[in-house]
Amino acid sequence: MSVVTRFAPSPTGFLHIGGARTALFNWLFARHHGGRFLLRIEDTDRERSTEAAVAAILDGLRWLALDWDGEAIFQFARMDRHAAVAHALMAKGGAYRCYASPAELQEMRNKAKAEGRSMRYDGRWRDRDPSEAPSGVQPVIRFKAPRAGETVVRDGVQGEVRVANAELDDMVLLRADGTPTYMLSVVVDDHDMDVTHVIRGDDHFTNAFRQTQLYVAIGWTPPHFSHIPLIHGADGAKLSKRHGALGVDAYRDMGFLPAGMRNYLLRLGWSHGDAEVISTEEAIAWFDIDGIGRSPARFDMEKLASVNAHYLRALEDDRLADLLAPFVAARIGRAMTAEDRGLLLAALADLKPRARTLVELAEGALFLFVRRAPDAKAARLLAEADPAKTARMVEALRDAAGWDAHTLEVAVRACAEAVGEKLGALAQPLRAALTGSTASPPVFKVAEILGRAETLARLDAAIEGAGRRPEV
RNA sequence: GACCCCAUCGUCUAGAGGCCUAGGACUCCAGCCUUUCACGCUGGCAACACGGGUUCGAAUCCCGUUGGGGUCGCCA
């Protein structure tokens, strides 16, 4: 039987980082085995499921290029099938009606907690005669879980784990309004979709026991379970919205690349020897359940950025310019022109090694499109520069035989020697004048790209500015 | 509280009894390169949670302690 995996998010919010990793692992596992990767939207909670969340999740998956096979399945649409399975089970004596009220259940839990017992449903309607049913109360259907013995889950990550059946209570299969609960729906859908391997977050681990019992009661074979440890925030606490559990769209906006994101997520909890930068092809070839670690990992933005940098630099310039356009546009407040793009392309090779994200890259490229006001360090550099020597440099530049980086450098070097300064004494003020910063790509390259007119104009403006605003 | 899981540098991890005076990556520090900042290169700081066993030998196996985490919904 060929491998079938699935990613089954509930559309109650964006696709967060943990979900993205779960999807990645399922995708990789299916692709590795030449199987199918399915997508199922678990929208049985009508209160909280939203169209917007569905769209956000699909968007996130597409952005990460985790393509699923076939159409996405919406769980709610299969509600009748789920209910039918529950009723069939009840007909076999594997489930029963429970008339306990929510208040009653809450009281039961409070009491159990107070007495130090596990907060489980006590099965009070398990063996009661239907004739005792209170009138006017719509019952829920509960699973008649085995009480003796134990349930064993052979987990791909956690190994063989057994839990006494006495620890598991009779879960609700069908709500009072007749709609199926998650626990029932997953089992029925995974079975009907021929899912062979369930790879999901560790927070579902205890569910595996309940679901296994259900599979057995219905007479189906459970899939292979693998529960991957959760991702924690940088502070070790559970990853919550306050601790970086952002939607993947937030990472996209921070300038991360899908490939960088995937690579980082892959290494968070999975490893293949010392491999760090792993191509998609390699990931598919190498991915296996054995490589998944058993302990939770912390999310580290620095490492994400570092991994991302590899992919940023590997990207071809034309493609990179496309990706960069919206980031630059956002910074300069207008769309990039063809001329802007030309400048960007010319500078990209020197800009790339200075950035780890698209945001950093756009920031570094900004001076190409706008005359930036000098930052504090640059302003000081300009103010402190010897006006006479700066004037000599401007002259040297103006009189340069050509306008390429090499020629300009030769000219300024000669000038520096003539005025008895090191190159840096002239080059740094030049950099500050052209870029508004003390850090930039090679300054003569910058001058070359900016062109003669713009370079001289920026120099004039800077000299004027420095004269007006003396050292602070 | 009950049940379950986890535990190697600050972080991600390699390690499946001797190959480990514990390796790689990120971060940090130093040096080289250099017109700046980066990149790159070289080097450095830094870990087997603790206590018992088992064994000729334990980061690796067992038990306990401690510390983290997850689950206990008519949510998924």
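Every chain is numbered from 1, with letters handed out A, B, ... down the list of sequences.
- For the pair Tyr182(A) OH and U71(B) C1', the computed distance is 12 Å after rounding to whole Å.
- The 5' end of RNA chain B is approached more closely, in terms of each residue's nearest nucleotide, by Arg313(A) than by the other of His204(A) and Arg313(A).
- A salt bridge links Glu302(A) to Arg356(A): one of the charged nitrogens lies within less than 4.0 Å of a carboxylate oxygen.
- One finds no salt bridge joining Arg413(A) and Glu417(A) here, because no Lys/Arg side-chain nitrogen approaches an Asp/Glu carboxylate oxygen to under 4.0 Å.
- Looking at heavy-atom distances under 4.0 Å, Thr44(A) makes contact with sugar-phosphate atoms alone, never a base.
- Base pairing analysis places U36(B) opposite nothing; no Watson-Crick or G-U wobble pair with both distances below 3.5 Å involves it.
- Using a 4.0 Å heavy-atom distance criterion, Thr438(A) is classed as a base contact.
- For Phe256(A), there are no ring pair (Phe, Tyr, Trp, His ring centres under 6.0 Å) partners at least two apart in sequence or on another chain.
- Checked for salt-bridge contact, Glu107(A) and Arg109(A) miss the test: no charged N lies under 4.0 Å from a carboxylate O.
- Using a 4.0 Å cut-off between a side-chain N of Lys or Arg and a carboxylate O of Asp or Glu, Lys303(A) and Glu276(A) qualify as a salt bridge.
- In this structure, Gly364(A) reaches neither bases nor backbone, as no heavy-atom distance under 4.0 Å exists between it and the strands shown.
- Salt bridge annotation for Arg46(A)-Asp43(A): present, with a cationic side-chain nitrogen under 4.0 angstrom from a carboxylate oxygen.
- Using a 4.0 Å cut-off between a side-chain N of Lys or Arg and a carboxylate O of Asp or Glu, Arg124(A) and Asp122(A) qualify as a salt bridge.
- Nucleotides A46(B) and U55(B), compared at atom P, are 35 Å apart to the nearest Å.
- Pair check for C56(B) finds G18(B); Watson-Crick or G-U wobble, both atom distances under 3.5 Å.
- By the 4.0 Å N-to-carboxylate-O rule, Arg372(A) lies close enough to Glu363(A) to be salt-bridged with it.
- One can place CG of Leu168(A) at 9 Å from C1' of C3(B), the figure rounded to the nearest angstrom.
- Proximity of residues 136-149 of chain A to RNA chain B (heavy atom under 4.0 angstrom from any strand atom) is restricted to Val140(A), Arg142(A).
- The NE2-C1' distance, from His310(A) to A38(B), rounds to 14 Å in whole Å.
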Identify all side-chain donor-acceptor contacts of residues 156-170 of chain A below 3.5 Å with residues at least two apart in sequence or on another chain.
from      : atom 1 : to        : atom 2 : distance (Å)
Gln158(A) : NE2    : His227(A) : O      : 3.2
Glu160(A) : OE2    : Arg162(A) : NH2    : 2.7
Arg162(A) : NH1    : Glu150(A) : OE2    : 2.3
Asn165(A) : OD1    : Thr151(A) : N      : 3.3
Asn165(A) : OD1    : Thr151(A) : OG1    : 2.5
Asn165(A) : OD1    : Gln213(A) : NE2    : 3.0
Asn165(A) : ND2    : Ala148(A) : O      : 2.7
Asp169(A) : OD1    : Arg210(A) : NH1    : 3.0
Asp169(A) : OD1    : Arg210(A) : NH2    : 3.0
Asp169(A) : OD2    : Tyr121(A) : N      : 2.9
Asp170(A) : OD1    : Arg126(A) : NH1    : 3.2
Asp170(A) : OD1    : Ala145(A) : N      : 3.1
Asp170(A) : OD2    : Tyr96(A)  : OH     : 2.6
Asp170(A) : OD2    : Arg126(A) : NH1    : 3.1

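- Proximity of Thr206(A) to the phosphate of C4(B): no side-chain N or O atom is located under 4.0 Å from OP1 or OP2.
- With a 3.5 Å ceiling on both atom-pair distances, the Watson-Crick or G-U wobble partner of G1(B) is C72(B).
- Note on Ser306(A): only backbone sugar-phosphate atoms sit closer than 4.0 angstrom, heavy atoms only; bases stay farther off.
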Sort me out a list of protein N/O and nucleotides 21-24 of chain B N/O pairs below 3.5 Å, or just none if empty.
from   : atom 1 : to        : atom 2 : distance (Å)
G23(B) : N2     : Asp274(A) : OD1    : 3.0
G24(B) : N2     : Arg267(A) : NH2    : 3.4
G24(B) : N2     : Glu276(A) : OE2    : 2.7

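- Residue Asp43(A) is classed as having no contact, given no heavy-atom separation below 4.0 Å to the nucleic acid.
- The nucleotide C41(B) finds its pairing partner in G31(B), both defining distances of the Watson-Crick or G-U wobble pair being shorter than 3.5 Å.
- Pairing of C48(B), defined by two Watson-Crick or G-U wobble distances under 3.5 Å, is not identified with any nucleotide.
- Contacts of Ala297(A) with the nucleic acid, taken as non-hydrogen atoms under 4.0 Å apart, involve only primed sugar atoms and P, OP1 or OP2.
- Contact annotation for His227(A): no contact, since no heavy-atom pair falls under 4.0 Å across all strands.
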Atom pairs under 3.5 Å: protein N/O with N/O of nucleotides 29-35 of chain B:
from   : atom 1 : to        : atom 2 : distance (Å)
U35(B) : OP1    : Arg413(A) : NH2    : 2.7
U35(B) : O2     : Arg431(A) : NH2    : 2.4

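- The residue Met183(A) sits close to a base: some heavy atom pair falls under 4.0 Å.
- Ring stacking is absent between His232(A) and G68(B), as the pair misses the limits of under 5.5 Å between centres and under 30 degrees between planes.
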What pairs of donor and acceptor atoms, side-chain ones from residues 436-450 of chain A against any protein atom, are under 3.5 angstrom apart with sequence neighbours left out?
from      : atom 1 : to        : atom 2 : distance (Å)
Ser437(A) : OG     : Ala439(A) : N      : 2.9
Ser437(A) : OG     : Ala439(A) : O      : 3.0
Ser440(A) : OG     : Arg431(A) : NH1    : 2.9
Lys445(A) : NZ     : Asp350(A) : OD2    : 3.2
Glu448(A) : OE1    : Ala405(A) : N      : 2.7

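- The residue Ala378(A) sits apart from the nucleic acid: no heavy atom pair falls under 4.0 Å.
- Note on Asp192(A) versus Arg78(A): salt bridge recorded, some NZ/NE/NH1/NH2 to OD/OE distance being below 4.0 Å.
- Between Arg6(A) and Asp189(A) there is no salt bridge, since no side-chain nitrogen of the basic residue lies less than 4.0 Å from a carboxylate oxygen of the acidic one.
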